[in-house]
Amino acid sequence: MYNSLTRSRERFIALAPPNVGMYVCGPTVYGDPHLGHARTALAFDIVFRYLRVLGYSVRYVRNITDVGHLEDETAETGEDKILKRARLERVEPMEVVHRYTLSYHDGIRLMNCLPPSIEPTASGHIIEQIQVVERIIAAGLAYEQDGSVYFDLEKYVSSSGTAGSPYGKLSGKVFEDLLSNTRATAGSGDKRSGLDFALWKRAEPSHIMRWPSPWGEGFPGWHLECTTMSTKYLGKTFDIHGGGLDLQFPHHEAEIAQNHGAFGADPARYWLHSNMLTVKGQKMAKSLGNFITLEQMYSGESPALEQPYHPMVMRFFMLQSHYRSTVDFSNEALKAAERGYHRLMAAVEAAVRATEAVNHQAIPQGPDLEEVRQEGAHGTAVADQIEACWAAMSEDFHTPRTIAALFELGRLVQRPEHRDAPGVVRDAAARGMTGFTRQVLGLQPAAAGSAGAAGGEAGGSALETVMEMVLRLRREARERRDFATADAIRDQLAEAGIRLEDRKDGTTGWTES
RNA sequence: GGCGCCGUACCCAAGUGGUAAGGGAGAGGACUGCAAAUCCUUCAUUCGCCGGUUCGAAUCCGGCCGGCGCCUCCA
């Protein structure tokens, strides 16, 4: 995996296998979740899923920031984001937090992102955060000023104990350059230096999100929560720290400094950053007014969108580019992804249909694939593509290459000769297709069923029952060669968003889009 | 100003010095009551431009042009 710390790809070695600790910076819940949130959540959902498939036991911690994140962090003059929103909406701050936490969960759950193992909130860890501040003060790396506590960066930089972890090592910044170039240097109140950041802030009388502390009533600084909660749940040094690229500086740099100040250690061994997302070539930003929320994406109700896009289509679309590349949203690209996604799903279905009793337990690898290769050219081709999926995912979670291999595998599976291939080959192909598509990439069929000669699977919603009935009527019409009726049914279902597909074996499949 | 990224076919997008993955669209064929889907074939002698290193460069080096990001709240 690519480690931002070393700016190179490194072999992943867990600190305490088979356990892996991963901390990812989650959202500040003060507004509707948007595409950017989804991208970061998705990038680390893939990391989480793949590590689990490799056999690791992963503790995935993703925080919710519900206090302390200011509108203007550096100048420290800004209002707390949550408080501001609460004031505008005339509700309690915790109502804001609750509402947007729920919409964040809904939005990314629809994209089939797995929930993290622990999802701690900043406001739930005030006492722990105060303790971390005390440790940093005890280490001589923070100072109190008028009820606020600041991290003393100058001292940190000159301290020999942190020589191995210079400030700026993650983001490639040079402390001296920052000192002379940063706008924050000018007039920033209580701070000794413009680059110092708040660990604890004094609460003004109007500030209602406040807690008692040794320095008076106040609230924690934004960077502090991640240091505190990652240490509490994963230890002072853990395996993987993730987040959006925009958090690399100053947020993650501050985390490293805090962790050294409080615990004398680097927080994480591997730092992973997911890249930004653009809309029609430009970064999504509040100032540009080109934000697209997840709700708009799914409903199509945005000036930037020509139609709604299914969460799974969006997932597929994002996975078609690597997490460290920027990805650009345009209707043209999304529509192309929509078609490609349906095609891939059809291939998965075909792979499963081609084999009777499938052992879905595990994705074939190593020795299993050798066995498949014994079965001639077709078997070798199948094994090669499954191998390619493993190789791609093990190369910094290379989802675009994995998808490319799955398309190749899908084509093999739908060749006529596949039906006559030995059981081991068909079984391996089905397990490889479903394993990589569903388990690793988390791609699921939107909603689909099948009706016809074969009875279909257990379970069944009202829609499935109705479809069963409608398709039976249509099949009877076709048998009478009453194609006018059969085609009318097909056309009307299409208008309702249900696509029919008459298969060669006489059955009819349907997909809801 | 400092740090960094990108420019590959009509669109999206891989490409880690050895002769351009994959998807969408397009073209032709097979199959089909029709449609859809599927399968087969086809679609960049060329990787922003100009030099250099090399037996060999989309890949390495230098310069130029164009787009973007971080340094300021953003995932």
- Given the P atoms of B:rA37 and B:rC43, what is the spacing between them in whole Å? 23 Å
- Message: Partner lookup for B:rA14, please. Criteria are Watson-Crick or G-U wobble with both distances under 3.5 angstrom; report none if nothing qualifies.
- Response: none
- Between B:rU38, B:rG2, B:rG22, which nucleotide gets closest to the side-chain atoms of A:Gln320? B:rG22
- Out of B:rU38, B:rC34, B:rA14, whichever nucleotide has its closest atom nearest the side chain of A:Ser321: B:rA14
- Query: Quantified in whole Å, what is the C1' atom distance between nucleotide B:rC60 and nucleotide B:rC55?
  - Reply: 16 Å
- Task: Could you pick out which residue, A:Gln414 or A:Ala336, lies toward the 5' side of RNA chain B when each is mapped onto its nearest nucleotide?
- Result: A:Ala336
- Side chains of A:Tyr323 and A:Asp396: donor-acceptor distance under 3.5 Å anywhere? yes
- Task: Ignoring backbone atoms, test whether A:Arg339 places a side-chain nitrogen or oxygen under 4.0 Å from the OP1 or OP2 oxygen of B:rA25.
- Result: yes
- Message: I'd like to know if A:Asp45 and A:Arg62 make a salt bridge, using a cut-off of under 4.0 Å between side-chain N and carboxylate O.
- Response: no
- Query: Checking all strands, does A:Asn275 fall into the base, sugar-phosphate, or nothing category for heavy-atom contacts under 4.0 angstrom?
  - Reply: base
- Message: How many whole angstroms separate atom CZ of A:Arg415 from atom P of B:rC31?
- Response: 19 Å
- Message: Could you tell me if A:Tyr309 and A:Asn331 have a donor-acceptor pair between their side chains, going purely by distance under 3.5 Å?
- Response: yes
- Base-pairing mate for B:rC31 - Watson-Crick or G-U, with both contacts under 3.5 Å: none
- Item | B:rC11 to B:rU45 separation - P atoms, rounded to the nearest Å | 14 Å
- Task: Taking only the side-chain heavy atoms of A:Phe317 (C-beta and beyond), determine which of B:rA75, B:rC12, B:rC39 contains the nearest atom.
- Result: B:rC12
- Query: B:rC34 C1' sits how many Å from A:Arg475 CZ, rounded?
  - Reply: 19 Å
- Message: Assess, by modelled atom type and distance only, whether the side chains of A:Tyr30 and A:Thr65 contain a donor and an acceptor separated by less than 3.5 Å.
- Response: no
- What does A:Ser325 touch in the nucleic acid at a heavy-atom separation under 4.0 angstrom: a base, only the sugar-phosphate, or nothing? sugar-phosphate
- Hunt down the Watson-Crick or G-U wobble partner of B:rA37, both distances under 3.5 Å, from any strand shown, or write none. none
- Query: Looking only at atom P, what distance separates B:rA44 and B:rU54, rounded to whole Å?
  - Reply: 32 Å
- Item | Nearest non-hydrogen partners of A:Ile82 and A:Val29, listed with the distance | CD1-O, 3.3 Å
- Query: Of all the choices, B:rC34, B:rA75, B:rC71, which nucleotide is nearest to the side chain of A:Phe249 once you look at every atom?
  - Reply: B:rC71
- B:rC39 OP1/OP2 closer than 4.0 Å to side-chain N/O of A:Arg411: no
- Counter-base of B:rC3, judged by Watson-Crick or G-U geometry with both distances under 3.5 Å: B:rG69
- Just compare B:rC12, B:rC39, B:rC70 and give me whichever is closest to any side-chain atom of A:Lys283. B:rC70
- So which one's nearest nucleotide on RNA chain B is more toward 5', A:Gly410 or A:Met284? A:Gly410
- Quick one: are the ring centres of A:Tyr23 and A:Tyr233 less than 6.0 Å apart? no
- Message: Could you tell me how far B:rG63 sits from B:rG56 if I compare only their C1' atoms? Round to whole Å.
- Response: 23 Å
- Message: Just to be sure I understand the rule, does A:Glu332 reach a base, reach only the sugar-phosphate, or reach nothing, if contact means heavy atoms closer than 4.0 Å?
- Response: sugar-phosphate
- Rounding to the closest angstrom, what is the interatomic distance between B:rC5 and B:rC61 at atom P? 11 Å
- Task: Could you label the plane-to-plane angle of the A:Tyr341 and A:His310 rings as parallel, tilted or perpendicular, counting under 30° as parallel and over 60° as perpendicular?
- Result: parallel
- Item | Listed nucleotide nearest any side-chain atom of A:Ala404, set B:rG22, B:rC34, B:rA75 | B:rG22
- Query: Nearest to the side chain of A:His398 - B:rG15, B:rG22, B:rG33?
  - Reply: B:rG15
- Query: Is the shortest distance from a Lys or Arg side-chain nitrogen in A:Lys201 or A:Asp80 to a carboxylate oxygen in the other one below 4.0 Å?
  - Reply: no
- Query: Considering every strand shown, what is the Watson-Crick or G-U wobble mate of B:rG62 when both distances are under 3.5 Å?
  - Reply: B:rC50
- Among B:rG4, B:rA36, B:rA75, the one nearest A:Arg7 by side-chain distance: B:rG4
- Side chain A:Arg401 and base B:rG15 donor-acceptor under 3.5 Å: no
- Query: How long is the line joining CE of A:Met314 and P of B:rG23, in whole Å?
  - Reply: 23 Å
- Would you kindly check whether a donor in the side chain of A:Arg490 faces an acceptor in the base of B:rA35, or vice versa, at under 3.5 angstrom? yes
- Query: Does A:Phe407 lie flat on the base of B:rG23, that is, centres under 5.5 Å apart and planes under 30° off?
  - Reply: no
- Query: Do A:Asp246 and B:rG69 share a donor-acceptor pair, side chain to base, under 3.5 Å?
  - Reply: no
- For A:Gly244, report the nucleic acid contact type (base, sugar-phosphate, nothing); a contact means any heavy atom under 4.0 Å. sugar-phosphate
- Message: Using a heavy-atom cut-off of 4.0 Å across all strands, would you classify A:Leu406 as base, sugar-phosphate, or nothing?
- Response: nothing
- Query: With a non-hydrogen cut-off below 4.0 angstrom, is A:Glu408 in contact with a base, only sugar-phosphate, or nothing?
  - Reply: sugar-phosphate
- Query: What is the nucleic acid contact for A:Arg478, judged by heavy atoms within less than 4.0 Å: base, sugar-phosphate only, or nothing?
  - Reply: base
- How long is the line joining CE of A:Met111 and C1' of B:rA75, in whole Å? 12 Å
- Separation of A:Leu272 atom CG from B:rA75 atom C1', in whole Å? 15 Å
- Query: Any side-chain donor-acceptor pair under 3.5 Å between A:Thr278 and A:Asp328?
  - Reply: yes
- Message: Taking B:rU8 as the reference, what is the distance to B:rG22 when you measure between their C1' atoms (whole Å, please)?
- Response: 14 Å
- Counting any heavy atom closer than 4.0 Å, what does A:Arg9 reach on the DNA or RNA strands: base, sugar-phosphate only, or nothing? base
- Task: Take the protein atom CZ of A:Arg324 and the nucleotide atom P of B:rA13, then report the distance between them rounded to whole Å.
- Result: 16 Å
- Rounded distance (Å) that lies between atom P of B:rA75 and atom OH of A:Tyr23: 14 Å
- Message: Roughly how many Å apart are B:rU59 and B:rG52, using the C1' atom of each and rounding to a whole number?
- Response: 15 Å
- Would you kindly give the NZ-to-P distance between A:Lys335 and B:rG26, to the nearest whole Å? 13 Å
